[in-house]
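A short write-up of the structure that comes next.
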Amino acid sequence: MKFEVTKKEAVILDPTHRMQVKSIPVEVRTDPLTGRTSRICHFRLLKFERPDLNRLIEASRNTCPFCPEKVLEVTPCFPPEIAPDGRLSRDDQLLFPNIAPYDGLGAVATLGGRHYLPMTEIEPQRIAGGIGLALDFYRRVRAIRHPESVYYLLSWNYMPASGSSLIHPHLQVFASSTAPNQLRQELAAAKTYHAQNGRIYWDDLAAAEMAEGSRYLGRIGRIEWLAGFAPFSVVGDVVAVVAECRTMLDMTEDDLRGIGQGLSAAMAAYDKMGIYNFNVCFFPGAETDEFARLHMVFSPRIYYNPVLATPDATALRTLYDESICVGFPEDIAAKVRPQFQALSHRNGDD
Ligand SMILES: [Zn+2]
């Protein structure tokens with residue numbers, strides 16, 4: 001496992017110090033699996049202003065299609081072969097077709113009736129319930145051998161900077177025979193890795209990170225938690241590797257609970273930095289991909305300029321597909337780790 005770092009420096013004459021020579025460090029990190037690069041640069045304090053969100057939340061409430069008074073009227077239903085009752089439910093959480101699907105099979109799962117759930121109030125069991133509802137959906141489309149039931153995909157855009165057009169918390173649940181770019185590239189590289197080493201890349205990654213330690217966050221049940229070495233997010237990623245699982249359907253209730261607990265820990269840590277938007281994606285293999293290991297990436301989002309609502313997805317990120325991270329992932333891991341340690345003390349399994 002090679003964690004490759006190329007160190008560079010930019011030299012400027014600094015206008016804030018009488019044009020004295022100043023060296024600004026930049027690191028280019030290469031993902032050990034895919035070779036994707038991520039730049040560690042634009043260093044800044046990991047402390048962000050959180051604006052008053054009350055107006056935004058109140059203004060969006062009346063027209064929200066996912067609030068309990070509207071949801072059964074305005075959201076679509078599945079044909080009977082997928083859901084005889086039209087929609088699936090668990091407690092106060094509902095799953096129904098996405099009215100704007102990405103593929104032949106697209107659904108949305110609400111995380112309950114509350115229009116706005118602050119990041120620190122999203123209970124682990126609510127997250128587990130939402131993913132459980134997604135698994136109910138995957139089982140049904142698998143049972144009818146739907147042609148799209150190859151990759152079971154789940155993503156979460158939380159709050160507007162993440163790309164979410166709604167405040168009301170919800171998961172994007174879909175199944176597709178077409179793996180999205182990043183997943184396809186990861187699986188292709190993992191297949192090569194498996195052929196060369198006879199091992200699954202993510203198992204080796206988790207072991208290497210645990211041994212190295214500076215990005216390792218902890219274990220919950222059989223799930224290993226790490227800070228991403230070459231992150232997607234401007235403020236670092238939290239990665240979960242679910243041992244022994246290939247697809248979403250391999251997860252047990254214990255795994256769902258563990259994912260919920262770990263995500264809550266990550267949210268609590270980033271909340272302390274003033275961050276309140278994030279993306280999550282699960283990366284599964286197909287059932288027959290013996291080289292795949294189910295993993296998940298939690299990737300917080302910020303506004304570069306909150307006053308202008310400037311997104312953190314610039315030309316560099318969108319067209320060059322190059323990530324930048326404004327802090328060293330090891331320093332970010334040190335901020336996130338205490339939340340995971342607190343969790344393992346509570347669980348009594350450290
Ligand atoms: Zn709502």
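Any value given below was found using the heavy atoms of this structure, including those in side chains, with hydrogens, waters and symmetry copies removed. Keep in mind that this is a model prediction, so the values were computed, not measured.
When the shell of 6.0 Å around CD of E69 is examined, it contains more than 12 heavy atoms from other residues, nucleotides or ligands. Taking a 6.0 Å sphere around CD of E49, one finds it holds 12 or fewer heavy atoms contributed by other residues, nucleotides or ligands. Environment of CZ in R44: crowded, with over 12 heavy atoms of neighbouring residues, nucleotides or ligands closer than 6.0 Å.
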Starting from the C-alpha separation in whole Å, work towards a yes-or-no answer on ring pair (Phe, Tyr, Trp, His ring centres under 6.0 Å) for Y276 and Y270. CA-CA 8 Å; Y276 62 98; Y270 277 98; over 10 Å; no

Step-by-step salt bridge (charged side-chain N to carboxylate O under 4.0 Å, His left out) determination, R90 to D136: CA-CA 10 Å; R90 274 196 186 201; D136 293 343; 3.2 Å; yes

May I have the step-by-step check of side chain to side chain donor-acceptor pair (under 3.5 Å) for E290 and T288, ending in yes or no? CA-CA 6 Å; E290 75 280 3; T288 51; over 6 Å; no

Apply the test side chain to side chain contact (heavy atoms under 4.5 Å, CB included) to residues V235 and F48: give CA-CA distance (whole Å), side-chain angles for both, the deciding distance (0.1 Å), then the verdict. CA-CA 11 Å; V235 284; F48 297 84; 3.7 Å; yes

Applying side chain to side chain contact (heavy atoms under 4.5 Å, CB included) to D289 and K191, what does each step give before you reach the verdict? CA-CA 8 Å; D289 291 344; K191 189 176 185 177; over 6 Å; no

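Judged by distance alone, the side chain of N157 and the main-chain N or O of S164 form no donor-acceptor pair under 3.5 Å. Listed for the S60 side chain is a donor-acceptor partner under 3.5 Å among the backbone atoms of L56. Side chain of N197 to main chain of H194: no donor-acceptor pair is present (N/O by atom type, distance under 3.5 Å, no hydrogens or angles). Side chain of S264 to backbone of I122: a donor-acceptor contact under 3.5 angstrom is found. In this structure, the side chain of R140 engages the main chain of I82 through a donor-acceptor pair within 3.5 Å. Under a 3.5 Å cut-off, the side chain of K335 and the backbone N or O of K272 do not form any donor-acceptor pair.
Ion pairing between a basic and an acidic side chain is recognised when a charged N comes within 4.0 Å of a carboxylate O; E58 and R61 show such pairing. Between D321 and R317 there is a salt bridge, since a side-chain N of the basic residue sits under 4.0 Å from a carboxylate O of the acidic one. Salt bridge R126/D91: absent, no basic N to carboxylate O contact under 4.0 Å. In this structure, R29 pairs ionically with E330, as a charged nitrogen and a carboxylate oxygen lie closer than 4.0 Å. The pair D255-R222 meets the salt-bridge criterion, since a charged nitrogen lies less than 4.0 angstrom from a carboxylate oxygen. With respect to the salt-bridge test (charged N to carboxylate O, under 4.0 angstrom), the residues E121 and R114 qualify. A salt bridge links R142 with E287; the closest basic N to acidic carboxylate O contact falls under 4.0 Å. Ion pairing between a basic and an acidic side chain is recognised when a charged N comes within 4.0 Å of a carboxylate O; E27 and K8 show no such pairing.
Closest of all the heavy-atom pairs between L343 and G262 is CD2-N, 4.3 Å. Taking both residues in full, the closest heavy atoms of I275 and P300 are given as CG2-CB, 3.9 Å, listed atom of the first, atom of the second, then distance. Among all heavy-atom pairs drawn from R301 and A313, the shortest one is NH2-CB, 3.9 Å. Of all heavy-atom pairs between G260 and P124, the closest is C-CB, 3.5 Å. Listed here is the closest heavy atom pair of G113 and P68: O-CD, 3.3 Å. Of all the heavy atoms in P231 and I40, the pair that sits closest is CD-CD1, 4.3 Å.
Between the SG atom in C245 and the CG atom in D250 there is a gap of 5.0 Å [rounded to 0.5 Å]. In this structure, OH on Y138 lies 9.0 Å from CD1 on I131, to the nearest 0.5 angstrom. Atom CD1 of residue I167 and atom OH of residue Y158 lie 8.5 Å apart, to the nearest 0.5 angstrom. With rounding to the nearest 0.5 Å, the separation of OG in S233 from CD1 in I332 is 7.5 Å. Rounding to the nearest 0.5 Å places CZ of F291 at 8.5 Å from CH2 of W202. One distance of note links CD of Q261 with CZ of F340; it measures 10.0 Å at 0.5 Å rounding.
Put simply, the side chain of P169 does not reach to within 4.5 Å of the side chain of M159, judged on heavy atoms. In this structure the side chain of M273 reaches within 4.5 angstrom of the side chain of V336, judged on heavy atoms. Q182 places none of its side-chain heavy atoms less than 4.5 Å from the side chain of C281. For the pair D85 and C77, the minimum side-chain heavy-atom distance is 4.5 Å or more. Contact check for F328 versus F43: side-chain heavy atoms found under the 4.5 Å cut-off. Contact check for I223 versus W225: side-chain heavy atoms found under the 4.5 Å cut-off. Within the 4.5 Å cutoff, side-chain heavy atoms of P180 are placed close to those of L153. Looking at heavy atoms from C-beta onward, Y151 lies out of side-chain contact with R184 at the 4.5 angstrom threshold.
Under 3.5 Å, the side chains of D254 and T252 contain no donor-acceptor pair of N or O atoms. Using modelled atom types, one finds no donor on one side chain facing an acceptor on the other under 3.5 Å when comparing E186 with T34. Side chains of T75 and R87: a donor on one and an acceptor on the other come within 3.5 Å. With hydrogens and angles left out, the side-chain atoms of S299 and D237 include a donor and acceptor closer than 3.5 Å. Counted by atom type alone, Y216 and E224 present one or more donor-acceptor pairs between their side chains at under 3.5 Å. With no hydrogens or angles considered, a side-chain donor-acceptor pair links T37 and E322 at under 3.5 Å.
Hydrophobic clustering (ILVMFWY, side-chain heavy atoms < 4.5 Å, transitive): M251 and V280 are in one cluster. Under the 4.5 Å side-chain heavy-atom criterion for Ile, Leu, Val, Met, Phe, Trp and Tyr, L94 and V173 are members of distinct hydrophobic clusters. Connection of L33 to M296 is not established within any shared hydrophobic cluster, with ILVMFWY side chains joined at heavy-atom distances below 4.5 Å, either directly or through further cluster members. One hydrophobic cluster, built from ILVMFWY side chains closer than 4.5 Å, holds both L249 and L88. Following chains of ILVMFWY side-chain contacts shorter than 4.5 Å, one cannot reach L72 starting from F78, and the two form parts of different hydrophobic clusters.
Here F174 and Y152 keep their ring centres 6.0 angstrom or further from each other.
Each of R293, K2, R199 was checked for a salt bridge (Lys or Arg N to Asp or Glu O under 4.0 Å) with D204, and the lone residue meeting it is R199.
Ring geometry for W156 against F278 counts as perpendicular: the plane angle is over 60°, on a 0 to 90° scale with 30° as the lower cut. Note on ring orientation: taking the six-membered ring where Trp is involved, the planes of F66 and H168 are perpendicular (angle over 60°, cut-offs 30° and 60°).
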Between side-chain atoms of residues 95-104 and protein atoms elsewhere (two or more places apart, or another chain), which donor-acceptor pairs fall under 3.5 Å?
from: N98; atom 1: OD1; to: A100; atom 2: N; distance (Å): 2.9
from: N98; atom 1: ND2; to: Q172; atom 2: OE1; distance (Å): 3.2
from: D103; atom 1: OD2; to: S176; atom 2: OG; distance (Å): 2.5

